[in-house]
K.L.:
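After the structure tokens below, expect a handful of questions from me.
We're numbering straight along the sequence, starting at 1. Computed from a predicted model, the values in this text were never measured in an experiment.
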Amino acid sequence: MSENLSTSRKEKNEDEVTAGLNTEGLNKSPQEVSESDARKDSLQSIENLEMAGKSSTRSLEKKDELIIGLNTEGLNEIPHEVTEADASKDILQSFESFQIIEGLSTSMSNEKEDYENIADCRDDGMMVLPQEVFETDSKRDTIQSAENFEIDEVFSTSVLPEKKSDEFPADLNAEGLMELSQKISERDVGKDTLCSLENLEVFQKLSTSVLQETGDDEITTDLNAEELNQIPQETVEGDAKRNQLQSEENPEIAEKVSTHILHAGKHEEFMVKLNAKGLREIPQVVFEIQTLKYLHLNNNEIKTLYKNLGNLTNLEILSIEGNGLIALPPEISLLHKLRVLNISHNQLSCLPKELSKLVNIKQLFVSHNNIEEFPAALEGLETLEILDLAVNNIKTLPENMVSMKNLNVLNLDSNQILIFPKVLCYLPNLIKLSISGNLIQGLPKDIKELRRLQVLLVNHNKLIFLPVQLFQLAKLQKLRLDDNKLDVLSDKVENLQELRVLSLANNLFRSISENLCNCTMLERLILRGNQLTHLPNRMHRLKHLRELCISRNQMDNLDEQISRIKDLSIIEASGNALTCIPVEIKNCMQIIKVDLSYNKLPQFPVGLCALVALKILNLSGNYISEIITEISFIENLEHLELSRNKLSSFSEHLCRLTKLIYLDLSENEINSIPKEVSNMKYLQVLLLYHNKFVSFPRELCALNSLQTLDLSENQIQCIPSDICNLQVIKDLNLSNNQLVSFPSEICHLSSLEKLKLCQINGLKLTKLPEELSKLTCLRELDISHNALKEIPEGIGELKHLVSLTANNNYINQLPRSLTSLSNLQQLNLSENQLIYLPSDLQHLQSLKDINFDGNPLIRPPQEVCKGKQLYTIVRYLESADERDGKILQKILKIISGNVSFENFEFFCQKLQFNNAEIKSLENNRSLVLEEKILQALESWKSENQALTPAEMIDQLIRVLTMTGMHYLTNKVKALKLYTQSLKF
């Protein structure tokens with residue numbers, strides 16, 4: 001027995017090394033766990049749990065360590081790999097995470113909620129942080145949901161243009177809504193330890209099943225934590241717990257570490273995640289996992305759910321988004337513990353009536369389906385708090401919906417609703433309502449009944465007026481009315497004292513009510529795309545305003561009262577008719593972004609030079625002709641745009657902006673660069689296209705951090721050798737210049753990833769150098785609109801090339817090495833002189849976008865290439881090769897039967913046979929003349945295997961022509977032409 005025990009221990013150690021985890025004895029197989037070991041593990045688990053309780057108390061004192069935010073795939077997924085050194089630590093931390101979660105939920109329900117900042121993302125990516133308030137008397141789960149989603153980012157994908165980023169995340173599913181607030185007691189730990197052996201066997205079956213489904217080539221992919229990390233997490237300490245599950249989800253190592261995970265106490269909240277595995281049905285072993293609570297099957301090919309789904313009676317979260325489901329089984333009603341159901345992005349047209357029996361359901365996601373009527377089954381779901389029905393075809397809502405008393409968040413975006421449903425006004429706990437992208441023309445007076453509403457999104461509709469009752473919603477914090485037909489804002493707007501965000505973009509407003517200035521909590525005011533000529537006179541009262549957007553209006557001046565708004569950080573006023581900026585703007589010391597592009601400013605606004613916090617400045621499209629000295633005072637400026645002005649030089653004052661990263665001086669009249677440009681050590685992007693340069697500015701070669709340089713649309717004739725000093729350059733555009741030949745100096749830029757030499761208006765290039773092969777990092781190459789006749793063989797060395805654009809040249813043949821570009825995805829060779837395509841195009845397995853239009857193609861004919869489908873072209877070429885091979889054999893027989901004895905020696909010489917080989921054939925008396933010639937031809941064919949059958953035929957025609965056998969030449973040509981006329 002001691003020998004067996006010793007052997008078992010050795011095997012255990014080998015498994016620990018293979019799995020990469022220091023399990024400290026927790027990785028034994030079920031057969032090797034003795035009763036004493038089981039008791040020991042159980043006691044150890046309880047001791048660890050007590051230690052975790054003490055640790056969690058300390059952790060709760062640090063509120064800033066708690067992570068409450070959610071994302072689209074799983075609460076706060078943080079890519080993390082289980083390393084050998086961290087494994088033991090993660091086991092103990094798993095216990096801590098349960099206690100911390102318990103403490104978190106208790107803390108949320110007992111403490112008074114503070115104002116939470118909501119991260120709103122504008123169209124241009126700039127982040128602002130308006131606050132939203134949640135009532136202290138809300139239910140704990142309601143508050144948790146609202147806070148976790150930040151009340152402003154709950155729903156799944158919004159299809160509305162420009163607005164989805166600050167309304168709803170693009171991919172939010174039920175994984176982003178999981179709540180882990182259950183407590184694990186000492187009794188639960190002991191129970192889990194006892195049942196761990198039973199579940200180990202089931203999980204090993206699951207691992208085997210998954211491996212069979214995914215195939216060996218997916219094992220490596222599964223090791224990437226990016227997809228497998230999406231596990232609920234509410235605290236930093238929860239990382240350990242997530243890492244345990246990560247190993248569990250990984251099909252390759254699941255069998256080796258499952259015992260380790262179960263002994264760590266993770267069995268209580270067991271999860272199976274099989275996202276994007278190409279599954280067509282749920283593996284049967286999944287239904288044998290008795291403790292399964294979280295099941296994720298997103299982005300597979302599961303069309304049908306079977307009745308054994310009802311066996312998962314402990315399931316709390318089911319996410320089966322993006323599968324193409326056409327129906328749900330009635331047995332879903334047996335999932336009595338289900339809290340979250342995500343069936344978005346499927347093909348559902350209705351929901352089963354049995355869904356109404358899910359008495360614990362709180363969150364339901366049914367967006368992006370084909371539902372035309374509000375599902376009657378939902379009317380009885382009184383526990384439902386979050387409902388997402390966006391992007392369906394719903395036209396009306398039933399009156400019985402009023403029974404959904406606990407509904408907090410409702411998304412009806414992008415449906416076919418013509419009239420605002422009054423029943424929505426009688427959902428007493430509604431906090432957020434989004435009904436954007438419909439056909440609504442007005443809001444009912446009953447909207448005043450939504451007394452707890454904090455967020456209302458009605459953008460992209462057909463509203464022509466707003467009822468005054470809307471302004472009785474005293475708790476409203478965010479109101480979006482973009483893209484409607486509104487022209488009047490009621491004076492009653494001043495009643496919205498909690499309003500933080502107001503967006504009235506793209507309407508018909510000519511003026512804004514002065515009473516808006518009484519909404520003193522306002523932080524974001526979006527008025528772009530209207531017909532405003534001025535702002536309210538008391539704008540200075542909006543002391544909390546941080547973002548003001550008045551772009552695309554009809555303003556000719558910017559009121560100096562703006563300078564009294566001390567918290568202002570973003571001003572967008574592009575597309576107006578501003579002629580000056582008040583110097584008092586210098587008092588707004590918090591401003592970090594200013595956009596004054598496309599106005600009528602004649603000079604650089606001097607007031608901006610005092611904004612020491614300014615990081616982004618856009619003055620493009622004005623009439624500025626000179627850069628003032630004071631610009632150097634904007635010492636933190638990182639992004640500056642001055643394109644489309646009247647600048648005649650690259651001012652040396654710009655060179656003092658040493659923190660500048662992005663500089664756009666395109667479409668000016670600049671012809672030289674000062675040597676002081678070398679001071680711009682952090683400059684990464686420099687745009688100088690469409691200026692007056694006649695030579696490449698050598699001074700630019702001193703910019704060691706430069707990654708993107710655009711000098712297109714100039715008159716540059718040559719490139720200096722100093723360009724090789726740009727050692728980190730990645731993107732270079734020299735299109736439409738007057739380069740006499742391809743600048744070989746570029747070939748020394750080993751870091752280059754994107755090169756553009758499109759010469760629509762410039763001097764045409766006629767040849768590419770072989771040195772092009774040195775650009776081994778190149779991913780995109782554009783050599784279109786030149787006069788190139790060929791592409792060098794060295795192109796095959798560009799193994800990272802993804803896009804090759806060579807349209808509008810004179811290319812008549814492709815290099816053989818082209819088909820070795822295994823990463824090539826886009827190939828444009830339209831408008832060239834190609835007659836034949838290479839037979840081995842099938843090696844371009846990554847190719848997605850292909851264009852051979854405008855070529856005189858014979859093989860394959862243009863009709864085959866019009867569909868731009870590589871598969872069709874390759875199949876034709878395969879058939880053509882097979883056909884040409886048969887034709888070649890026929891031609892060989894014709895030639896062998898028509899070459900006379902007098903022409904035999906001369907014919908063999910033209911086939912590149914030496915005298916000895918010719919004499920050997922002549923002296924072979926066992927063969928007749930025809931057989932000797934056929935043997936010579938077969939030998940010649942084997943020596944030219946690199947040629948395609950069609951190329952061999954052309955070569956033979958040339959040989960026959962040189963030998964003067966014109967009759968035979970014409971016969972072979974006729975056969976070739978005849979076969980080419982046949983369509984395959």
K.L.:
Using side-chain heavy atoms (C-beta onward) and a distance below 4.5 Å, is Leu355 in contact with Leu341?
P.N.:
yes

K.L.:
Is the shortest heavy-atom distance from the side chain of Leu410 to the side chain of Met401 under 4.5 Å?
P.N.:
yes

K.L.:
Of all the heavy-atom pairs spanning Ala377 and Pro352, show the shortest one and how long it is.
P.N.:
CB-O, 3.3 Å

K.L.:
I'd like to check Leu457 versus Ile435 (side-chain heavy atoms, cut-off strictly below 4.5 Å). Are they in contact?
P.N.:
no

K.L.:
Are any side-chain N or O atoms of Asn314 and backbone N or O atoms of Thr291, one a donor and one an acceptor, separated by less than 3.5 Å?
P.N.:
no

K.L.:
Could you report the tightest heavy-atom contact between Gln347 and Asn369, atom names first, then the distance?
P.N.:
N-OD1, 3.3 Å

K.L.:
Would you find a donor on one side and an acceptor on the other, under 3.5 Å apart, between the side chain of Asn393 and the backbone of Asn415?
P.N.:
no

K.L.:
Which heavy atom in Leu358 sits nearest to a heavy atom in Leu381, and how many Å separate them?
P.N.:
O-CD2, 3.7 Å

K.L.:
Run the side-chain hydrogen bond (donor to acceptor under 3.5 Å, both in side chains) test on Gln416 and Asn392 for me, step by step, so that the C-alpha distance in whole Å, both residues' side-chain angles and the decisive distance to 0.1 Å come before the verdict.
P.N.:
CA-CA 8 Å; Gln416 301 295 321; Asn392 281 284; over 6 Å; no

K.L.:
Does this structure show an ion pair linking Arg280 with Glu301, if we count only N-O contacts that are shorter than 4.0 Å?
P.N.:
yes

K.L.:
Identify the two heavy atoms, one from Leu463 and one from Asn484, that lie closest to each other, and give their separation to 0.1 Å.
P.N.:
N-OD1, 3.0 Å

K.L.:
Would the distance check show the side chain of Asn406 and the main-chain N or O of Glu382 forming a donor-acceptor pair, the cut-off being under 3.5 Å?
P.N.:
yes

K.L.:
List the residues meeting salt bridge (charged side-chain N to carboxylate O under 4.0 Å, His left out) with Lys462, not counting sequence neighbours, and say none if there are none.
P.N.:
none

K.L.:
How would you list, by chain and number, every residue that makes a side chain to side chain donor-acceptor pair (under 3.5 Å) with Glu379, sequence neighbours excluded?
P.N.:
Asn400

K.L.:
Side-chain contact test, heavy atoms from C-beta onward, threshold under 4.5 Å: evaluate it for Tyr294 versus Val272 and give yes or no.
P.N.:
no

K.L.:
Hey, is the main chain of Gly324 close enough, under 3.5 Å, to the side chain of Asn346 for a donor-acceptor pair?
P.N.:
yes

K.L.:
Show your reasoning for whether side-chain contact (heavy atoms from CB on, under 4.5 Å) applies to Asn408 and Leu430.
P.N.:
CA-CA 4 Å; Asn408 299 149; Leu430 205 59; 5.9 Å; no

K.L.:
Output the distance between atom CG (Leu338) and atom CD (Gln363), rounded to the nearest 0.5 Å.
P.N.:
10.5 Å

K.L.:
With sequence neighbours excluded, what pairs up with Asn823 under the side chain to side chain donor-acceptor pair (under 3.5 Å) test?
P.N.:
none

K.L.:
Look up atom NZ in Lys395 and atom CG in Leu439, then write down how far apart they are to the nearest 0.5 Å.
P.N.:
10.0 Å

K.L.:
To the nearest 0.5 Å, what is the distance between CD1 (Ile320) and CG (Leu295)?
P.N.:
7.5 Å

K.L.:
Please assess Asp483 against Asn506 for the test side-chain hydrogen bond (donor to acceptor under 3.5 Å, both in side chains), listing each intermediate value before the final yes or no.
P.N.:
CA-CA 5 Å; Asp483 296 281; Asn506 303 320; 3.3 Å; yes

K.L.:
Does a sphere of radius 6.0 Å around NZ in Lys307 hold more than 12 heavy atoms from other residues, nucleotides or ligands, not counting ones at 6.0 Å or beyond?
P.N.:
no

K.L.:
Does any non-hydrogen side-chain atom of Asp388 lie less than 4.5 Å from one of Leu364?
P.N.:
no

K.L.:
Listed by chain and number, what are the side chain to side chain contact (heavy atoms under 4.5 Å, CB included) partners of Glu399, not counting sequence neighbours?
P.N.:
Val423

K.L.:
Closest approach of Glu321 and Asn298, non-hydrogen atoms and distance?
P.N.:
N-OD1, 2.9 Å

K.L.:
Flag the pair Leu476 / Leu456 as yes when at least one side-chain heavy-atom distance between them is below 4.5 Å, and no otherwise.
P.N.:
yes

K.L.:
State, to 0.1 Å, how close Ile326 and Leu348 come at their nearest heavy-atom pair, and which atoms those are.
P.N.:
C-CD2, 3.5 Å

K.L.:
Could you tell me whether Lys303 atom NZ has more than 12 heavy atoms of other residues or ligands within 6.0 Å of it?
P.N.:
yes

K.L.:
Quick check against the 3.5 Å criterion: does Asn300 have a side-chain atom that pairs as donor or acceptor with the backbone of Leu279?
P.N.:
yes

K.L.:
Going by salt bridge (charged side-chain N to carboxylate O under 4.0 Å, His left out), name the residues that satisfy it together with Glu354, two or more places apart in sequence or in a different chain.
P.N.:
none

K.L.:
Evaluate the criterion side-chain contact (heavy atoms from CB on, under 4.5 Å) for residue pair Val455 and Leu433; output intermediate values, then yes/no.
P.N.:
CA-CA 6 Å; Val455 177; Leu433 172 61; over 6 Å; no

K.L.:
Give a yes or no answer on whether the side chain of Thr383 reaches the backbone of Val359 with a donor-acceptor pair at less than 3.5 Å.
P.N.:
yes

K.L.:
Nearest 0.5 Å, what's the CG-CG distance between Leu453 and Leu424?
P.N.:
10.5 Å

K.L.:
Would you please say whether a donor-acceptor pair under 3.5 Å links the side chains of Asn370 and Ser349?
P.N.:
no

K.L.:
side-chain contact (heavy atoms from CB on, under 4.5 Å) between Leu335 and Thr313: does it pass, once the steps are laid out?
P.N.:
CA-CA 5 Å; Leu335 307 181; Thr313 54; 5.9 Å; no

K.L.:
Could you tell me whether the side chain of Leu481 reaches within less than 4.5 Å of the side chain of Asn459, counting heavy atoms only?
P.N.:
no

K.L.:
Strictly by modelled atom types, are Asn429 and Glu385 linked by a side-chain donor-acceptor pair under 3.5 Å?
P.N.:
no

K.L.:
How far does CD1 of Ile282 sit from OH of Tyr306, to the nearest 0.5 angstrom?
P.N.:
9.5 Å

K.L.:
Output the distance between atom CG (Leu407) and atom CD1 (Ile431), rounded to the nearest 0.5 Å.
P.N.:
10.0 Å

K.L.:
Does one side chain, of Asn438 or Asn461, offer a donor that lies under 3.5 Å from an acceptor on the other?
P.N.:
no

K.L.:
Do the non-hydrogen side-chain atoms of His296 and Leu318 ever get within less than 4.5 Å of each other?
P.N.:
no

K.L.:
Report the residues that fulfil side chain to side chain donor-acceptor pair (under 3.5 Å) with Asn360, sequence neighbours left out, ordered by chain and then residue number.
P.N.:
none

K.L.:
Do Asn342 side-chain atoms and Ser319 backbone N/O form a donor-acceptor pair below 3.5 Å?
P.N.:
no

K.L.:
Could you please spell out the steps behind the side-chain contact (heavy atoms from CB on, under 4.5 Å) verdict for Ile343 and Leu328?
P.N.:
CA-CA 9 Å; Ile343 46 177; Leu328 295 179; 3.7 Å; yes

